[in-house]
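What follows is a short report on a single structure.
Counting begins at 1 with the first residue of the sequence.
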Amino acid sequence: MNIDIRTKFLNFFKSKGHQIYESMPLVPNDPSLLFTNAGMVQFKDIFTGKIPAPIVKKATSSQLCIRAGGKHNDLENVGYTARHHTLFEMLGNFSFGDYFKKEAIAYAWEFVTKELGFPKNSLYVSIHEKDDEAFEIWCNYIEPDRIKRMGDKDNFWQMGDTGPCGPCSEIFVDQGEEFFHSKEDYFGGEGDRFLEIWNLVFMQYERNADGSLSPLPKPSIDTGMGLERVQALLEGKRNNFDSSIFMPLIEEVSKITQKPYTYDSGASFRVIADHARAVAFLLAQGVNFDKEGRGYVLRRILRRAIRHGYLLGMNEPFLYKIVQKVCEQMGAHYPYLIEKKITLMEQCRAEEERFFQTLESGMEMFKKELLSLKKGVPFSGQTAFKLYDTYGFPLDLTQDMLRDQGIAIDMEAFQTCMQEQKVRAKASWKGSGDEIKSGDFLEILNTFGENTFNGYEYNAFTSKVIALLDSSYQKVESLSEEGFIVFDTTPLYPESGGAIGDSGELYQGERKIAEVIDTKKYFGLNISLIHPFETIKVGDILKILVNPNRIETIKHHSATHLLHSVLRKILGTHIAQAGSLVEPTRLRFDFSHPKALSQKEIQTIEEEVNAIILKNIPATITHLPIQEAKEKGAMALFGEKYGDIVRVVNFADESCELCGGIHVENTGLIGSFYITKESGVSSGVRRIEAVCGRAAYEYGKNALETLFQTKELLKNQDIASGISKLKSQIKELKDKLSKTTSSSDLKVNQTLKDITIIIQKIDTNNIKEIIDNAKNKYEKIAILLICEDNQNLYLACGVKNAPIQANGWIKEVAKIVEGGGGGRSDFATAGGKNPSKIPQALEFAQNFVQKKIEENF
């Protein structure tokens, strides 16, 4: 059945007067959530009363959700059940005090029976056991014997221990008695015959701290329908993975692995298909592979998919091809998947390659431990930790590998290892939304509405104080110590779009009475943090002076727009902003790109930005409907909230973005532009730091002073030729030193399991070159050298095709000579303070590497 359920749902509720909301980002503006996990998340502040309801009090959306981390984690079930997914779409309709049960039930019944065409005799309904009102309404549509009353566990929903809550009603579809024969396949049982497709939550109570319920003055509606479930049912499938949403991906997995797919033996196919969707959307929405937080969850999802590919015989990157298929399949509704397809594939492939480098070794260790395991004994927690720490196997990946054997991990031992080495894999994330959990903001909003910002036109303005708040965000009538001030109109720009919030001064007449420390926006209110010198009262008329340094912030803000545009022009349209910081003295711009920039690329980018600046292009500010702005080529930042009418900042044909920030009147005012640094932030994300305006002048002046000083040191020689001569002299000295000891002079201590072991003290500090030569000479080697030079100790070690990490080895040896160090897994260095301990260090190093090799063979 070819039916666009998503579009049909949204259009149906639009016809009922609902405002359509786009799917909010998977990374929510909510510090309490790891990912967006339900359709109501973007309306949470409305339901909790933090902000007023919109003018149109009816909403509908098709929301992308992730349940793969934190409290809401379905990861371990994916692939083994018919309906668990890491990423899914939740269709929902919402009422913010507008309609209630009668209308919500009527809408749901009409959509399910008329729009989707489910036979009425296949539908069943559950309600809360005490909800007589819902029972009476449902009796208008369905026979009473098809309505089941259920308790709090199944049919009562609440947001938290306190707050809005209420009974709910679920709609079920009977998939057919002929297909389901378990004792639990009755309506209300745990079987799969009766499948819940839509949950209608009737928020009519407030849960108080003592557990009691109070009626809400304006009851609301929150519903959720799983798109994947409905699609499968309409196509006559009893498993989501058999539907047209997943089968093209499963077929692609079959094609790549050259293995046939069957449901009974196809869990790995389903895991890969599901996880490719999550990887594609998370990468496309700016989440990057990382060691913690959301990036770590993304890495876990990818590595779980790779492990299942490994079970299907894959020993090289393959998931990026499934990600490509996801982009092509879902790009019509989510165009950013098509725009970023190439970058997503590159990021995915690079991460796959990193994991495949260690996967084989890790699997060998896993198999060895499994074979030695006695019946009824848990899997070693120490081995599970080593798989995690050395080979990058997330704990749940190891647990997943053990589930078919019904074996558990010794978690106590695993946690002990974690604690000893202080390794934390827990998700640590910083929410980017409103951090204030309580306060009197709603009262201020209800009384005055959002205050007016006029900082585009003014740097100084006289305004009335409409509210004051103390340090705990509670309203006060006067303020004599640090707190917050709200003006009816303010020229102070709040922190937004990467630009820091304005600071400034407050005057009463000619007297300076307060410093403005910072300005932010909470729930639509521009609020400034102030340090008063005199008591300020509500109703005071004060003059606001913006810090003159704002002009330098403005220059850097406009420069980020030009830089963004130039990056897309030179590196490709896959470039997407991944974060920024704009200050008076510098800018920082993070962007998605799979590899480091070459010096030539950096130079070209800098030249191109300066060329635009020199054109003296005037800024054009227009306000357009958002769709029209996008059609004209205006770039929108993913995750930003935009209204129906948006502000477009345009510098002729060079840059066009949606932006609420303050900008220079023409590009010439930016001054010079210098890139000061290019670096990596995380996998697939690069960072450019740059200066312009006054900061660029200081940067250029300092650079010239350094050149003049260098020329003086070189006795006024040409700098390039002078440095070249110095390099030649240094090379001659190093050549002389290297002759005292070379790799051919080294003594092989031992050959163990075909691995050459060299551990000794040498007379030259040219250690790295000697180790490199030794690694070129031997196919398998573990080498550690110590050099003593004027009571200073230098240690270095190298590893090639040996089961030992150079950085871990050097750290342990350095402790003995009272030093420390680190490095990579194949090469590491350290220093030491106690030459008398060199013999003990050499002996320890020998025992250490010997033990590591024997453990792994």
Side-chain angles (χ1 to χ4, degrees), residues 37-40 47-48 71-72 83 90-113 118 120-175 177 180 182-226 229-230 233:
N37 54 45
M40 61 77 62
F47 284 130
T48 57
K71 291 183 254 183
H72 304 278
R83 290 178 295 279
M90 185 74 80
L91 304 169
N93 60 289
F94 310 88
S95 166
F96 314 118
D98 185 278
Y99 61 83
F100 199 45
K101 293 181 186 179
K102 180 180 178 181
E103 294 83 356
I105 290 171
Y107 292 154
W109 186 256
E110 181 182 352
F111 184 76
V112 167
T113 58
F118 281 108
K120 294 179 182 180
N121 61 6
S122 71
L123 299 176
Y124 290 76
V125 170
S126 70
I127 60 171
H128 189 263
E129 58 191 358
K130 297 179 181 178
D131 196 348
D132 295 334
E133 182 185 5
F135 179 82
E136 290 178 10
I137 297 170
W138 272 118
C139 285
N140 294 318
Y141 302 98
I142 193 169
E143 296 85 351
D145 60 357
R146 289 176 178 267
I147 305 172
K148 188 175 185 66
R149 295 177 184 264
M150 303 180 79
D152 286 358
K153 180 182 175 183
D154 296 294
N155 281 70
F156 194 91
W157 182 92
Q158 58 188 58
M159 196 172 292
D161 293 335
T162 61
C165 58
C168 56
S169 178
E170 297 177 314
I171 301 175
F172 293 78
V173 174
D174 182 359
Q175 297 189 80
E177 183 180 6
F180 301 90
S182 79
K183 293 180 180 179
E184 289 293 327
D185 281 314
Y186 59 90
F187 183 43
E190 296 296 325
D192 288 339
R193 175 180 165 185
F194 294 88
L195 182 62
E196 181 256 314
I197 60 167
W198 204 347
N199 187 14
L200 315 178
V201 177
F202 309 130
M203 281 196 274
Q204 64 187 92
Y205 300 113
E206 175 87 15
R207 175 78 73 181
N208 303 311
D210 62 2
S212 62
L213 299 176
S214 303
L216 288 173
K218 293 183 179 179
S220 297
I221 292 293
D222 162 24
T223 83
M225 172 189 279
R229 290 188 179 193
V230 176
L233 285 168

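Formation of a donor-acceptor pair under 3.5 Å by the N208 side chain with backbone atoms of D210 is not found in this model. In terms of modelled atom types and a separation under 3.5 Å, the side chain of E110 and the main chain of Y107 share no donor-acceptor contact. S169 places a side-chain N or O within 3.5 Å of a backbone atom of S126 that can act as its donor or acceptor partner. In terms of modelled atom types and a separation under 3.5 Å, the side chain of N155 and the main chain of E129 share no donor-acceptor contact. Not a single donor-acceptor pair under 3.5 Å links the side chain of D98 to the backbone N or O of S95. Of the possible donor and acceptor atoms, one in the side chain of R146 sits under 3.5 Å from a partner among the backbone N and O of N121. Judged purely by atom type and a 3.5 angstrom limit, T223 uses its side chain to pair as donor or acceptor with the backbone of N93. At least one donor-acceptor pair under 3.5 Å links the side chain of E196 to the backbone N or O of W198.
Side-chain polar atoms of D154 and H128 form no donor-acceptor pair below 3.5 angstrom. Side chain to side chain, Y124 and D145 fail the donor-acceptor criterion of an N or O pair below 3.5 Å. At a cut-off of 3.5 Å, with distance as the only test, a side-chain donor of R207 or Q158 sits close to an acceptor on the other residue.
Taken to the nearest 0.5 Å, the CZ atom of F202 stands 6.5 Å off from the CG atom of D131. Here the CG atom belonging to L233 is positioned 5.5 Å from the CD atom belonging to Q175, to the nearest 0.5 angstrom. Here F100 contributes atom CZ and I137 contributes atom CD1; the two are 8.5 Å apart, rounded to the nearest 0.5 Å. Here the OH-CD1 distance, from Y99 to I221, works out to 6.5 Å after rounding to the nearest 0.5 Å. Residue I197 holds its CD1 atom at 9.5 Å from CZ of R229, rounded to the nearest 0.5 Å. Atom SG of C168 is separated from atom CZ of F156 by 9.0 Å, given to the nearest 0.5 angstrom.
Residues M203 and D222 form a side-chain contact, since some pair of their non-hydrogen atoms from C-beta on lies under 4.5 Å apart. The side-chain heavy atoms of Q204 and K101, taken from C-beta on, include a pair separated by under 4.5 Å. In this structure, I147 and C139 have side chains that are in contact, with non-hydrogen atoms separated by less than 4.5 Å. A 4.5 Å side-chain heavy-atom check between V230 and M225 finds at least one atom pair inside the cut-off. A heavy-atom distance below 4.5 Å is not found between the side chains of T113 and F118. Contact annotation: the side chain of W109 never approaches that of N140 to less than 4.5 Å [non-hydrogen atoms, C-beta and beyond]. Within the 4.5 Å cutoff, no side-chain heavy atoms of P164 are placed close to those of Y205.
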Could you walk me through whether S220 and F94 satisfy the side-chain contact (heavy atoms from CB on, under 4.5 Å) test, starting with their C-alpha distance in whole Å, then the side-chain angles of each, then the deciding distance to 0.1 Å, before giving a yes or no? CA-CA 7 Å; S220 297; F94 310 88; over 6 Å; no
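Salt bridge present: D192 and R83 bring a charged side-chain N and a carboxylate O closer than 4.0 Å. We find that D132 and R149 are joined by a salt bridge, their nearest charged nitrogen and carboxylate oxygen being less than 4.0 Å apart.
Using a 30° and 60° split on the angle between ring planes, Y141 and W138 fall in the perpendicular class, above 60°.
Taking the six-membered ring wherever Trp is involved, the centroid distance between the rings of F194 and Y186 does not fall below 6.0 Å.
The shortest non-hydrogen separation linking I171 to A108 is CD1-CB, 3.8 Å.
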